[in-house]
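Written out below as structure tokens is the structure these notes cover.
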Amino acid sequence: MKDSQKRLEIEEDVWSAGRKKTNFNSHEIGHYGDGKIARMSRHNQIPLLIHSTLKWTKNYKTQSNPPPLQQKLSTNLIKAYFDNGLLKQARQLFDEMPNPDVVAWTAMVSGYTACGHYNSAWMMFNDMMRESLDRPNAFTFSSVLKACKGMKSFSCGAVGHGLAFKHGFVGGSIYVDNALLDMYASCCESMERALLVFEHIPVKNQVSWTILITGFTHRDDGLAALQVFRRMFMEESEQSPYSFSIAIRACAGIGSHIYGKQIHALVVKLGFDLNIPVMNSILDMYSKCNSLYEAQECFNEMNEKDDITWNTLIAGYAKPDPMKSLHLFLQMELQGCTPDCFTYSSVITASANLSALTCGQQIHGRIFKNGLEQNLPISNSLIDMYAKSGSIQDSRRIFSEMCSHDMVSWTSMMVAFGSHGYGTEAVELLNQMVNSGIKPDTIVFMAILSACSHAGLVDQGLSYFKLMTTKYKTSPSQEIYACVIDLLARGGRFEDAYDMICSMPFKPDESVWAAFLGACKAHGQPVVTACQELDLKPKGSGIYVTLANMYAAEGKWDDRAKMRTLVDEAGVKKVAGTSWLEVHDQVYSFVAGDGCGSQIEPVYQALRVLGRHMVEQTNVTQVGI
DNA sequence: CACACCAGAC
């Protein structure tokens, strides 16, 4: 009990210093001549003792050239302080050093960088260039370039590049070259400069390759990343699990199950299948490529799993099979793994997709118990979950109690309002967001257009569509056009909607026709003749079915038959729309006309109660929202 | 054996 409390305390401290929770219990801080190793823990007094001993050492502060042992010991201590997130103590010790050498300066730069205090690292480097008598070495430049990467500052990085070149380390140290490569890959819009650096590295190592592949993958250019990965093989560079992990992520990014499987085979061949991070990427890749079966197989075959393994699979199942996701969550705990913010965020999503309010509330309770209620992604998922489970008030409460909002929070709340028919509230929210200085992106516009569409605020929606191109200078995507067409058609403005379909810069795809036809159907509008000339691709079965139903409604049985034939030829099946009802602790899903099975009885019971309530309400007053 | 570069999840 006491131990776990202690652990928690350290974790918090380490967390606040922005570090991962490794190496915090004790750390090797140095070796003495006799081979003894000093170990440090923040709960014993050894470091302070050594620190004070240093201070007491004769002439420590006045000597211009302190003995090497003292220099080494101080530097070791500085590193140990940083490793434990004790920035102030590290700084204090450094300031006490009479004549810090290049190694001590570098330890400060890299220490600050490792703790995420990039600005301090950069300042330290500047102080060093001004004050230190030593010349910076390769260690210094690789550290400071990493700090530039952390600051996302191209200009600082360029200064670092110039100085590193001046001191002869560009092309002279693989560490400096790699840090430089990484800095350009992280700070620039394009990979141009990074590629330039890469081609000039005399002997590339696996780190160089990994950085390049990472650069392309993070720019969502999975194909370029895989090309580099391939080239790495052709040039017979040494292999590392890092490059595999990221190349697999690239496959996930482009949704290529085929490439993913090939790399998976390579992983097995080279024996990287014992590497947990690599296997976790493979799991993620399969689930992102809709190959949950393969993902599950990999999961079953893994001898060793970590928390991320569980999180990856739970996240993978959250949408396609939320029930399975929740089961895995329970299993995870039984296996002794601790759920974290990623786990909770996924299971909340799973619960949202089941529209299972009670289940969502229970998980929310657990989140509170674990003190994670202010976690941003979790709060965002909660907004979505409560909205999808029918409790918009709770979504609203979560949103207002959050201490900060990101783009996802605003969008989720807008979607929540929109799906409940609160168009005005969604518009108000968008104004608030813009006033707080956030520039709306495509997703936000889609959310607001949809909200306006569902609330019948046609002109309001159109004004936002206009604003997109005039004020925010974004060219509307295919999806945006689909939203606007939906807005117009639902609002009964079929002519305008049809004109827009004809004049938009895209060839109308299924989503556009689905929006248009759906609205026509809802308004009992006859099928527009032009629809017969549709160039429909045979995958959107919904459109054929919609069309067939519309022809049927008009009594055009020949046309209906044509459509049904198209459906059959394409071999597509319309997925039945299901509804859910939560009765006691059970969620029942059913389709229209679903009458068989004993398990449907509670649903009918609940429906009868609901029906009675509605009748009573209507007798008293008109039903509101 | 004082200081350095790269990977995975919502």
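Note on naming: letters A, B, ... go to the chains in the order of the sequence lines (proteins, then strands), and numbering restarts at 1 for each one.
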Provide, to the nearest angstrom, the distance between the [atom1] atom belonging to [X] and the [atom2] atom belonging to [N].
X	N	atom1	atom2	answer
A/Phe244	B/dC6	CZ	C1'	14 Å
A/Asp284	B/dC10	CG	P	5 Å
A/Arg249	B/dA7	CZ	C1'	10 Å
A/Asn370	B/dC10	CG	P	20 Å

>> Heavy atoms within less than 4.0 Å of DNA chain B: which residues of residues 329-351 of chain A have one? Give them sorted by number.
In response: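 Per residue number, the list reads A/Asp340, A/Phe342, A/Ser345, A/Ser346.
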
> Which ones in residues 136-163 of chain A lie close to DNA chain B, meaning a heavy atom under 4.0 Å from one of its atoms?
Replying inline: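 Here the set is A/Asn137, A/Phe139, A/Ser142, A/Ser143, A/Lys146, A/Lys149.
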
>> At 4.0 Å (heavy atoms only), tell me whether A/Asn380 reaches a base, stays on the sugar-phosphate, or touches nothing.
In response: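 No contact.
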
>> Mind checking if A/Ile308 touches a base, just sugar-phosphate, or nothing, with heavy atoms under 4.0 Å?
In response: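 It contacts base atoms.
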
> Taking the side chain of A/Thr106 as its heavy atoms from C-beta onward, which of B/dC3, B/dA9, B/dC5 lies nearest to it?
Replying inline: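 Output: B/dC3.
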
> Among the nucleotides B/dA4, B/dG8, B/dC10, which one has an atom lying closest to any side-chain atom of A/Pro377?
Replying inline: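 Selected nucleotide: B/dC10.
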
>> Can you list everything that forms a ring-ring contact (aromatic ring centres under 6.0 Å, His included) with A/Phe299? Sequence neighbours excluded, please.
In response: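 For A/Phe299, the residues satisfying ring-ring contact (aromatic ring centres under 6.0 Å, His included) (neighbours in sequence not counted) are A/Trp310.
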
What are the two closest heavy atoms between [X] and [Y], and how far apart are they?
X	Y	value
A/Ile213	A/Ala225	O-CB, 3.7 Å
A/Ser395	A/Ala387	OG-N, 3.0 Å
A/Asp177	A/Val197	O-CG1, 4.0 Å

> Which side-chain hydrogen bond (donor to acceptor under 3.5 Å, both in side chains) pairs, counting each pair once, include a residue from residues 334-349 of chain A, with sequence neighbours left out?
Replying inline: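 Qualifying pairs: A/Asn311-A/Asp340, A/Asn311-A/Thr343, A/Asp340-A/Thr343, A/Tyr344-A/Arg366, A/Tyr344-A/Asn370, A/Ser345-A/Ser381.
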
> Using the ring of each side chain (for Trp, its six-membered ring), is A/Phe141 parallel, tilted or perpendicular to A/Phe169, with breaks at 30° and 60°?
Replying inline: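 It falls in the tilted class, 30° to 60°.
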
> Which residue pairs satisfy the salt bridge (charged side-chain N to carboxylate O under 4.0 Å, His left out) criterion with at least one member in residues 242-259 of chain A, sequence neighbours excluded?
Replying inline: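 Output for this query is empty, none listed.
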
>> Suppose we screen for side-chain hydrogen bond (donor to acceptor under 3.5 Å, both in side chains). Which residues come up paired with A/His161, at least two apart in sequence or across chains?
In response: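 side-chain hydrogen bond (donor to acceptor under 3.5 Å, both in side chains) check on A/His161 returns A/Tyr184.
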
>> Strictly below 4.0 Å: does A/His218 bring a side-chain N or O up to OP1 or OP2 of B/dG8?
In response: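 Checking A/His218 against B/dG8: at least one side-chain N or O falls below 4.0 Å of OP1 or OP2.
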
>> Quick test of your reading of the model: are A/Glu294 and A/Lys261 salt-bridged, counting only N-O distances below 4.0 Å?
In response: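 A/Lys261 and A/Glu294: salt-bridged.
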
